Amino acid sequence: MKNISSGKKTAIIITMSIIGFLVILDTSIMNITLPKIQTAFNVSLNDLSWSINIYAILFASLLIPLGRLGDMFGRVKLLNIALLTFLIGSIVSGTSSNLTILLIGRTIQSIGAATMLPAAMLISLNIATKEERSKVVAILGVTQALGSAMGPAIGGIISQFFDWHWVFLINIPIVIILLMSTLSTLSMKNELTKSVKLDTIGTSLIVGTLLLMTSALVNGRDWGWTSFRTLGCGISSIVLFLLFIVCEVRTKDPIIPMNLFKNRDFVASIASILVAFITLASFIGILPTYLTKVTDVSQLKAAFLITPMSIALLISNPLSIALIGKIYNRILVGIGILASGAGIYMLSNLNVTNNWNQLYIIDIIIGFGIGFISGPALTVGIAELQGTELTAGQNVLNVMRNIGIIIGMAFFLSMLSGNITDAKHETYNYAVGQVNKIDLPHNSKTKIKNKLHDKLISGSNNNVNTSSKVESNTINDSKKNELINETYTKVVAQKQMALSMSLPPAAKAEIRQTVTNAVNKKVNKLNREIRHTTGHIKNHLHDKLTDSFLNLYAIEYPLVLASLIIVFIFKRMHA
């Protein structure tokens, strides 16, 4: 396939790059639409997070074994079948009416994606000369990194102008165009095939490992981090992972050759990729929800507010790759980790009260940092690999990228869900105390407390529910008139009883005027108190919800900085 025209080669690489972009895009494109989908399906944030996790888990687990099917049946044939599978999964996801159907659609999508990506990458590498290989790897790496980074922005734009279903349905025309391109540029005739044994045991063990690990991370906050279920899932995932390693060492055709881990640069690249994509997951998984639900901006604006991160990543990723060989790998990755840690620290202290300038700066710093980690890691990690090890190494790095997304999404969404629940309970308790201070009848106070309970506690499924949802239950004109009439009737009746005679119209008119003035004065005072109290409750909820999000970054940034130790695993020499 290497003896093809440069124009056709360019068309193939562009097509394969778009396939890689699309596959990785679908790991993050629905993040910004989670609040809308949660409302539509009326499910908890934890349950809904499985629509992201199931795609990432199956994709990461099946990437290598399904990629081997290309050797058995032909990579071009397999790629076209995978595109059709991904298309079907997108249709099912985009037309889903409940969480179960959405999970089925995402499962089908992930199977197609896990087959598409390795086939596309190997086809690209196969048509490239030895001199072109590093350039092709860089192009594929940048486009895939952009797929992760730009997911929320693209999802925000789509959901703003269309329904949330279109974050999946948009795949339909794209996949059709890609199929037309592959059918016109790649031949399915006379493809070289060979007999390959699939490592079903190893695949089953790694899928089980990821499922149990994710279950512990997703549900740990609700179950309790030291509960039997959380510890059981965590320990079981470790046991399965150890069994996986034993299995891979002993089998003749492992899905992950253990010899790869003798290469220090490869090991360091794996650790670096995990740091980069856990950091990216915390950014794209949490910040869009904070912007739309706490700061009350539209999904479109939220998308544009985080777009500078994607632009910075687009620039820094190829820049860092270009610097390989000129600057020590340790320094390149170290700069990326320091920048990412600094950006996350600034995010933990984010204040957008006056303007968005601070967020734009954070976007650029984090995008720059992730680009300087992922660019060198994805390139240096496979620089010394050849043949089957090159293919396996490329696949392992892709797997680790998705495991980073899995860990980041699962852990941070779980923590966020618990934080939101705590924030709303704290606000409800605060609100009850504030309502008790208002000079209202007991029944009126009870009604207000019940409404607050419904909005903040009951049936919320951990929805964020912004402070704008807390309404002022002031006394309206209709209720005020009822109070005037009730009081007037009562006063007239008392006076007539005391005088044992009917009051003249003039006296009644005077009483009505006096009662009206008194009720108006009292109602105005009560309404001021209610609005004042409501304002305090709104501010309290806003502050608590803000803390729910930003405190997660306060936990994360020291961990990112601690990962600097990874740079010492890289060899001292240049790439």
Side-chain angles (χ1 to χ4, degrees), residues 1-27 29 55 58-59 62-95 105-129 132-133 135-137 139-144 146-147 154 158 166-196 391 394-395 398:
M1 287 183 67
K2 293 184 180 180
N3 296 321
I4 60 176
S5 66
S6 59
K8 191 173 184 180
K9 182 184 292 188
T10 301
I12 292 172
I13 291 175
I14 290 174
T15 300
M16 299 305 114
S17 297
I18 294 173
I19 288 174
F21 176 84
L22 184 63
V23 164
I24 304 302
L25 177 74
D26 270 58
T27 63
I29 191 172
Y55 181 93
L58 291 178
F59 176 70
L62 300 176
L63 185 68
I64 297 175
L66 289 182
R68 287 188 173 185
L69 293 177
D71 294 327
M72 299 172 63
F73 303 108
R75 293 183 185 124
V76 178
K77 294 188 189 76
L78 190 67
L79 177 60
N80 290 330
I81 293 172
L83 283 166
L84 288 171
T85 304
F86 188 82
L87 178 64
I88 293 170
S90 298
I91 294 172
V92 174
S93 300
T95 56
R106 293 289 280 172
T107 298
I108 298 171
Q109 266 191 309
S110 68
I111 294 171
T115 314
M116 287 160 59
L117 186 61
M121 295 189 71
L122 290 174
I123 288 171
S124 298
L125 292 173
N126 194 38
I127 65 171
T129 63
E132 294 171 333
R133 194 181 78 178
K135 183 179 179 181
V136 171
V137 169
I139 292 171
L140 294 172
V142 169
T143 53
Q144 290 171 32
L146 281 175
I154 295 174
I158 292 172
W166 280 96
V167 298
F168 305 111
L169 297 178
I170 192 65
N171 292 337
I172 297 174
I174 297 174
V175 172
I176 291 173
I177 293 171
L178 290 171
L179 271 170
M180 292 171 62
S181 178
T182 58
L183 291 171
S184 62
T185 58
L186 296 168
S187 174
M188 291 186 286
K189 294 180 180 179
N190 303 320
E191 286 194 274
L192 294 177
T193 60
K194 57 183 178 180
S195 178
V196 176
T391 301
Q394 186 73 48
N395 285 335
N398 278 322

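What you see is a predicted model, and the numbers here were worked out from it, not measured in a lab.
Between I13 and V136, some side-chain heavy-atom pair lies under the 4.5 Å cut-off. Counting only heavy atoms from C-beta outward, the side chains of N80 and L84 never approach each other to under 4.5 Å. Two residues are said to be in side-chain contact when any heavy atoms from C-beta on lie closer than 4.5 Å; L179 and V175 meet this criterion. Proximity of I29 to I158: side-chain heavy atoms (C-beta onward) are separated by under 4.5 Å at one or more points. Looking at T182 and V76, their side chains never come closer than 4.5 Å, going by heavy atoms from C-beta outward. Here the side chains of T15 and L186 are not in contact, with every heavy-atom distance at 4.5 Å or above.
Summarising the geometry, atom CD1 belonging to I12 is positioned 8.0 Å from atom CD1 belonging to I123; distances are rounded to the nearest 0.5 Å. Expressed to the nearest 0.5 Å, how far CD1 of I19 lies from CD1 of I24 amounts to 12.5 Å. The structure places OG of S184 at 8.0 Å from NZ of K8, a figure rounded to the nearest 0.5 Å. Note that CD1 of I174 is 8.0 Å distant from CZ of F21, once rounded to the nearest 0.5 Å. With rounding to the nearest 0.5 Å, the separation of OH in Y55 from CD1 in I111 is 11.5 Å. Rounded to the nearest 0.5 Å, atoms OG1 (T115) and CZ (F59) are 9.5 Å apart.
S17 pairs by the side-chain hydrogen bond (donor to acceptor under 3.5 Å, both in side chains) definition with nothing, not counting sequence neighbours. A search for side chain to side chain contact (heavy atoms under 4.5 Å, CB included) contacts involving S93 returns L102, R106, Q109, F168, not counting sequence neighbours.
Between L58 and S110, the shortest heavy-atom contact is CB-OG, 3.3 Å. Closest approach of P118 to A113, counting heavy atoms only: CD-O, 4.4 Å. Taking each heavy atom of L122 and R75 in turn, the nearest pair found is CD1-NE, 3.6 Å. Nearest heavy-atom pair, S124 versus L140, reported as atom, atom and distance to 0.1 Å: CB-CD1, 4.0 Å.
Although no hydrogens or angles enter the test, the distance criterion places a donor-acceptor pair under 3.5 Å between the side chain of T143 and the main chain of I139.
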- Task: Please assess L22 against L178 for the test side chain to side chain contact (heavy atoms under 4.5 Å, CB included), listing each intermediate value before the final yes or no.
- Result: CA-CA 10 Å; L22 184 63; L178 290 171; 4.1 Å; yes
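Of the residues T95, T85, N171, D26, the one that meets the side-chain hydrogen bond (donor to acceptor under 3.5 Å, both in side chains) test with S90 is N171.
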